[in-house]
J.: 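Following this message is one structure expressed as structure tokens.
Quick caveat: nothing in here was measured; it's all calculated off a predicted structure.
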Amino acid sequence: RKEFVDLYVNYVFNESIRKPFEDFMQGFSRGCPARKWKMFHPTELQIVLQGHAEFDWHLLEKNVTYSQYKKLDRTIRNFWTVFYRLPEEKKKMFLAFLSGSDRIPGYGLEYFTFCIADPQAEKPDEVYPFANTCSRILFLPR
């Protein structure tokens with residue numbers, strides 16, 4: 001039985017995917033030469049490709065800049081009060097809304113910045129918050 005299980009596991013995890021994996025690896029290596037990726041340990045490579053999944057939300061707040069706002073404006077204080085009350089999953093959803101990804105790029109949270117700007121709408125109660133994901137700007141009406 002042990003031999004059967006070993007052979008079956010080897011087939012499922014190695015033999016059955018060998019050809020598709022070789023095709024994938026050939027295409028991946030054409031676009032991303034292997035010598036460049038060999039400098040990373042597997043966990044480092046995962047962070048480079050996927051980004052960080054752990055967050056220090058207070059550091060994120062510290063890195064924010066403000067346009068037409070000051071840090072102590074009522075709208076900003078209310079924003080951060082509500083933000084910190086959100087469950088972790090909703091905070092990640094906000095990050096995806098702001099930047100297009102629910103992860104922090106590989107260079108780290110200490111370098112991840114965004115801006116909160118006032119869209120200066122005539123009727124701010126009729127305007128929803130919106131984001132420019134390329135520039136990481138959150139337009140937050142008063």
J.: Quick one: does N132's side chain have a donor or acceptor within less than 3.5 Å of a partner on C134's backbone?
T.: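 Side chain of N132 to backbone of C134: a pair is present.
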J.: Under the side-chain hydrogen bond (donor to acceptor under 3.5 Å, both in side chains) rule, collect the residues that match up with Y11, sequence neighbours excluded.
T.: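 Listed in chain order: nothing, the list is empty.
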J.: Rounded to the nearest 0.5 Å, how far does CD1 of I17 lie from CG of D23?
T.: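 Result: 12.0 Å between the selected atoms.
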J.: Answer yes or no: does atom CD of E88 have more than 12 heavy-atom neighbours from other residues, nucleotides or ligands under 6.0 Å?
T.: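 Atom CD in E88 is crowded, with more than 12 foreign heavy atoms closer than 6.0 Å.
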J.: Roughly how far, to the nearest 0.5 Å, is the CZ atom of F97 from the NZ atom of K90?
T.: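 Going from NZ on K90 over to CZ on F97, the span is 13.0 Å.
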J.: Could you check V5 against K2 for side chain to side chain contact (heavy atoms under 4.5 Å, CB included), going step by step and ending with a plain yes or no?
T.: CA-CA 5 Å; V5 170; K2 181 183 179 333; 5.8 Å; no
J.: Locate the shortest heavy-atom distance separating K71 from R77; write the atom from each residue and the value.
T.: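 In this case the closest contact between K71 and R77 is O-CG, 4.2 Å.
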J.: Nearest 0.5 angstrom please: D102 CG to M93 CE, how far?
T.: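 The CE atom of M93 is 10.0 Å from CG of D102, to the nearest 0.5 Å.
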J.: Is L72 linked to L60 within one hydrophobic cluster, defined over Ile, Leu, Val, Met, Phe, Trp and Tyr using a side-chain heavy-atom separation of less than 4.5 Å?
T.: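 Not linked; separate clusters.
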J.: Checking side chain to side chain contact (heavy atoms under 4.5 Å, CB included) between Y66 and each of D73, I116, T75, which is the one that passes?
T.: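 Looking at D73, I116, T75, the match for Y66 under the side chain to side chain contact (heavy atoms under 4.5 Å, CB included) is I116.
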J.: With ring-ring contact (aromatic ring centres under 6.0 Å, His included) as the criterion, how do F79 and F94 come out once you've worked through the C-alpha distance, each side chain's angles and the decisive distance to 0.1 Å?
T.: CA-CA 12 Å; F79 170 80; F94 167 76; 5.7 Å; yes
J.: Are the side chains of F114 and L95 in touch, meaning some heavy atoms are under 4.5 Å apart?
T.: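 Of all side-chain heavy-atom pairs linking L95 with F114, none is under 4.5 Å.
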J.: Ignoring hydrogens and geometry, is there a side-chain-to-backbone donor-acceptor pair from Y69 to L140 under 3.5 Å?
T.: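 Between the backbone of L140 and the side chain of Y69 there is a qualifying donor-acceptor contact (under 3.5 Å).
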J.: Would you say D56's side chain and L59's backbone share a donor-acceptor pair under 3.5 angstrom?
T.: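 Yes, the answer is positive, given that a donor and an acceptor are paired below the 3.5 Å cut-off.
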J.: Can you name the nearest heavy-atom pair linking C115 to S67, along with the distance?
T.: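 For C115 and S67, the tightest heavy-atom pair comes out as SG-CB, 3.8 Å.
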J.: Counting distance only, does the side-chain N/O of R136 pair as donor-acceptor with the main-chain N or O of S99 below 3.5 Å?
T.: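 Side chain of R136 to backbone of S99: no pair is present.
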J.: Is the F83 to W57 ring centre distance short of 6.0 Å?
T.: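 Yes, close enough.
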J.: Any pair with a residue in residues 122-142 that passes ring-ring contact (aromatic ring centres under 6.0 Å, His included), sequence neighbours left out, goes on the list, sorted by first then second residue, please.
T.: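 Qualifying pairs, neighbours excluded: F130-F139.
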J.: To the nearest 0.5 Å, what is the distance between NZ on K91 and CZ on R85?
T.: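 Here the rounded value is 11.5 Å.
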J.: Let me see the working for N10 and E15 under side chain to side chain contact (heavy atoms under 4.5 Å, CB included), right down to the final yes or no.
T.: CA-CA 7 Å; N10 182 53; E15 299 303 322; 3.9 Å; yes
J.: Determine, using the 4.5 Å side-chain heavy-atom cutoff (strictly less than), whether V64 and L138 are members of one ILVMFWY cluster.
T.: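 Yes, one cluster joins them.
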J.: Quick one: closest heavy-atom pair of R142 and D118, and the distance?
T.: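 Closest heavy-atom pair between R142 and D118: NE-OD2, 2.6 Å.
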